[in-house]
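Only this structure's heavy atoms are used, side chains among them; waters, hydrogens and symmetry mates stay out.
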Amino acid sequence: MKIVVIGGTGLIGSKLVAELSAQGHEAVAASPNTGVNTLTGEGLAEALKGASVVVDVSNSPSFEDRPVMDFFRASTTNLLKAEAEAGVTHHVALSVVGTQRLQASGYFRAKQVQEELIKEAGIPYSIVHATQFFEFVDAIADMSTEGDTVRLAPVRFQPIHSADVAAAVGRTAVGTPVNGVVEIAGPDRFQLDELLRKVLAARNDPRTVVTDPHAPYSGAELEDTTLVPGPDAHITETRFADWVAQQQ
């Protein structure tokens, strides 16, 4: 199949393109630096010509409320229109576990709009909800930092390796559209504040992690189960400790 990967040069997209190509598919990495811009429509029709599947793993360059909403609304609208014109038969999008529970956050409101546009487009679809990537643990600490203090809520947290995300999205892309949501998560469940405390200590990071039940996550307060998947989630194999060991 010809499978176009929007955001195909990023962390997940580059892994996904390599995996699909290794399986014998014609995997096309589509992003602004390959001449495909979903915001302006540049190169979109040409890239989608003959495509059976489109996988959207793109992300907004800004996480500010207005720009992120503008990005996901415009990009998804343009993409779905081009897919309908090209006869694409399966739209796959990568989103986040807990999106519907994080609507106090501008970023997650924008992701919810993206998902609603997909559901209403009339193209068979699959939405993959992933938990937070191992690679984003540092970013979580940074966005929660005030001075030398990292404020984090004592909630459950089940991160996933980016390579396992790419593999799961790839399986979804070559499968039958589910016209719904598939959840994926890593094998280990932690408490968010405790995990970050250990990670920073192991790196001799001088910041202090403070447990705060009201600490915001991307602008939204968390319940204990906000960031973890339901009982039917696909659980991947790579353990966080093994990934950390590989980084050293």
Taking Lys2 for the side chain and Ala47 for the main chain, is one N or O donor matched with an acceptor at less than 3.5 Å? yes
I need the Ile160 CD1 to Glu237 CD distance, nearest 0.5 Å. 11.0 Å
Between Gln191 and Pro154, the two heavy atoms sitting closest are NE2-CB, 3.4 Å
For Thr38, is there any backbone N or O sitting under 3.5 Å from a side-chain donor or acceptor partner on Glu42? no
With sequence neighbours left out, write down each residue that passes side-chain contact (heavy atoms from CB on, under 4.5 Å) with Thr208, or none if nothing qualifies. Val210
Any donor and acceptor pair, going by atom type alone, linking the side chain of Asn179 with main-chain N or O of Tyr125 inside 3.5 Å? yes
Is Glu85 salt-bridged to Lys81, going by a charged N under 4.0 Å from an acidic O? yes
Heavy-atom donor-acceptor pair, Ser105 side chain to Ser218 backbone, under 3.5 Å: yes
Taking Ala185's backbone N and O only, do any of them form a donor-acceptor pair with Thr236's side chain (distance below 3.5 Å, no angle check)? yes
So does Asp164 pair up with Lys15, basic N to acidic O under 4.0 Å? no
So the side-chain hydrogen bond (donor to acceptor under 3.5 Å, both in side chains) pairs with at least one residue in residues 147-160 (sequence neighbours excluded) are Arg156-Asp224, Gln158-Arg189
Is atom CD of Glu223 surrounded by more than 12 heavy atoms (other residues, nucleotides or ligands) closer than 6.0 Å? no
Exactly one candidate in Val96, Leu222, Val97 meets side-chain contact (heavy atoms from CB on, under 4.5 Å) with Leu102; the answer is Leu222
